[in-house]
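Both counts, for ligands and for their atoms, begin at 1 and track the order of listing.
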Amino acid sequence: MHRRQIFQEYHSPQQQQQQGNPPRSEYQVLEEIGRGSFGSVRKVIHIPTKKLLVRKDIKYGHMNSKERQQLIAECSILSQLKHENIVEFYNWDFDEQKEVLYLYMEYCSRGDLSQMIKHYKQEHKYIPEKIVWGILAQLLTALYKCHYGVELPTLTTIYDRMKPPVKGKNIVIHRDLKPGNIFLSYDDSDNSLSEEIDGHDDANNNYYRDRRVNSRKKGSAMDYSQVVVKLGDFGLAKSLETSIQFATTYVGTPYYMSPEVLMDQPYSPLSDIWSLGCVIFEMCSLHPPFQAKNYLELQTKIKNGKCDTVPEYYSRGLNAIIRSMIDVNLRTRPSTFELLQDIQIRTARKSLQLERFERKLLDYENELTNIEKILEKQAMEYERELSQLKEQFTQAVEERTREVVNGKKIGKVPDSINGYYGKKFVKPAYHWQTRYR
Ligand SMILES: Nc1ncnc2c1ncn2[C@@H]1O[C@H](COP(=O)(O)OP(=O)(O)OP(=O)(O)O)[C@@H](O)[C@H]1O
C-alpha cells in the first residue's frame with residue numbers, strides 16, 4: 001500500500017465529520033508552547049466549545065506504512081483511555097500535503113513534574129510528603145486504568161477490601177514514564193478560557209472560577225498543594241520502534257528505564273512501576289536515583305539497582321514503597337494493584353477524594369450564591385415596581401376624593417389604577433427580606 005494512503009483509508013476527513021470529529025477549521029491555532037523530538041506542540045482553541053487544548057504535530061513523512069498503522073492504532077487506544085489523571089485525547093486529523101498528523105489533547109496549564117522538581121530545587125526545599133503521596137496515589141490510579149483497562153473503584157473507607165482486577169481489553173503500558181511526561185493541572189474548569197475568544201462570556205462564572213483558582217494560589221506564586229497530575233505522552237512515537245531500537249535510539253538519558261528494558265526484554269506493566277519508583281524517588285531527593293557520567297555507567301548502575309535512600313525528611317513508609325518499586329527482581333516488584341493496597345496509598349486516595357468533594361461543594365456554594373444574587377435583584381425590582389404602583393394608586397384615590405369633596409363630576413378611572421388591578425403580581429419564590437425570619 002502506498003504510504004500516503006494509510007491515514008486516508010483509516011478515516012477520511014468526510015468520515016471523521018460523519019463520526020462527529022470536527023474539521024481543522026474548528027480550531028483557532030495559538031502560540032507554540034514547546035518542541036519534542038517528533039514535532040511542535042501548540043495551544044489551540046476548540047471554537048465551538050471554547051476549550052483551550054494543545055495540538056501536537058507529528059511528522060509522518062519518514063514513517064513506513066506499518067509505523068503509520070501502529071500510530072493510528074495508538075491514537076485509537078488513547079482516545080478510549082479516559083481518566084481524570086490521564087491527559088485527555090480529543091481528536092486527530094492530518095494534513096496530507098505537509099504529511100503531518102495533528103493530535104488534539106487536553107491542555108495542562110501548570111507545567112510538568114520536572115518543572116515542579118526544578119522549582120523546589122531552586123528554592124532549596126523538599127517537596128512536602130503529603131504532596132508526594134498525593135501524586136503517587138493519582139499516578140497509581142491512572143496506571144491502574146492503563147494496566148488493567150478498567151476503572152479503579154472509589155474508596156468508601158480506607159479499610160475497603162479491593163478485589164483483584166479482571167483485566168479489560170485495552171491494556172496500555174506507558175513505556176516512557178518520566179517527570180517531563182507527567183503534567184500538572186488544577187481541574188477541568190481551568191481550560192474553559194472563553195474570554196480568550198470574545199473577551200467576555202459569563203462574567204459571574206468567570207469571577208467565581210478565578211476566585212477558586214486564586215484561592216489555591218494564595219501565599220506563593222505557584223502553589224502545588226492541590227495540583228492534579230495527568231499522565232501524558234504515552235510513548236506514542238516509541239511504539240513505532242522495537243524495544244531494542246528504542247534502547248539504542250532513545251534521545252534522552254534513560255534515567256527512568258527499567259533494567260529489563262535495558263537488557264532488551266519486552267516492556268511489561270512492571271517496567272512502568274520501576275519508572276514510577278524512579279520518578280517518586282526524584283520528587284523526594286530532587287535528583288534521579290541513578291546518575292552517571294556516561295551511558296555505560298548508568299546502564300550498570302540501573303542493572304545493579306542499587307541507589308541511595310531518600311532524605312530523612314521523608315517517612316520510612318514512603319522510602320519503603322519507593323524501594324519496593326525500584327526492584328531489579330520482576331517477581332518481587334509490586335504491581336499497580338498491590339501498591340494500591342498500601343494503607344498510606346489508601347489514605348492518600350481517600351484524602352484526595354475528600355478534597356475533590358470539598359471542591360465540588362465550593363463550586364455548588366458559588367452557584368447558590370450566584371442564584372441568590374439574581375433572586376435578590378429580582379425581589380428588589382418587584383418591591384420597587386410595587387411601591388411605584390401603590391404611590392400612583394394613592395395619588396389617584398386622593399385626587400378623586402378631592403374631586404368628590406369639591407362636588408365635581410367623577411371622571412374616568414385613571415390608567416394607573418387599571419394597571420394596578422390588571423397586573424399579575426407573581427411573588428418571587430425567594431425574598432431577601434423573609435430569608436432571616
Ligand atoms: N498536554 C499538554 N499540556 C501542556 N503542555 C504540553 C502538553 N503536551 C506537551 N506539552 C509541552 O510541550 C513541550 C513538548 O512536548 P513533547 O511531549 O512533544 O516533547 P518532550 O516530552 O519534551 O520530548 P519527547 O518528544 O522526547 O518526549 C513540552 O515542554 C511539554 O511540557
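Checking only distances, D176 never comes within under 3.5 Å of ligand 1, N or O to N or O. Among the atoms of C108, some N or O lies under 3.5 angstrom from an N or O of ligand 1. Residue-to-ligand polar distances place E106 within reach of ligand 1: an N/O pair is separated by less than 3.5 Å.
Note on ring orientation: taking the six-membered ring where Trp is involved, the planes of F337 and Y148 are perpendicular (angle over 60°, cut-offs 30° and 60°).
Rounding to the nearest 0.5 angstrom, the gap separating the CD atom in E88 from the NZ atom in K51 is 7.0 Å.
Proximity of K56 to ligand 1, defined as any heavy-atom pair under 4.0 Å, is confined to the side chain (atoms from C-beta onward).
With hydrogens and angles left out, the side-chain atoms of T154 and Q353 include no donor and acceptor closer than 3.5 Å. When only modelled atom types and interatomic distance are considered, N319 and T309 share no side-chain donor-acceptor pair under 3.5 Å. Between the side chains of E282 and Y256, a donor-acceptor pair is found at a separation under 3.5 Å.
When each atom of ligand 1 is checked for a heavy atom of N181 under 4.0 Å away, the hits are 21 (O). Every atom of ligand 1 is numbered from 1 in the order shown, and the set under 4.0 Å from a heavy atom of D112 is 31 (O). Counting atoms of ligand 1 from 1 in the listed order, those under 4.0 Å from a heavy atom of R35 are 14 (C). Distances below 4.0 Å separate heavy atoms of Y107 from the following atoms of ligand 1: 3 (N), 4 (C).
M105 does not count as a contact of ligand 1, since none of its heavy atoms falls under 4.0 Å from the ligand.
For the pair D342 (side chain) and L339 (backbone), a donor-acceptor distance under 3.5 Å is absent.
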Exercise. Tell me, with the steps shown, if S271 and H174 meet side-chain contact (heavy atoms from CB on, under 4.5 Å).
Key: CA-CA 9 Å; S271 324; H174 189 286; over 6 Å; no
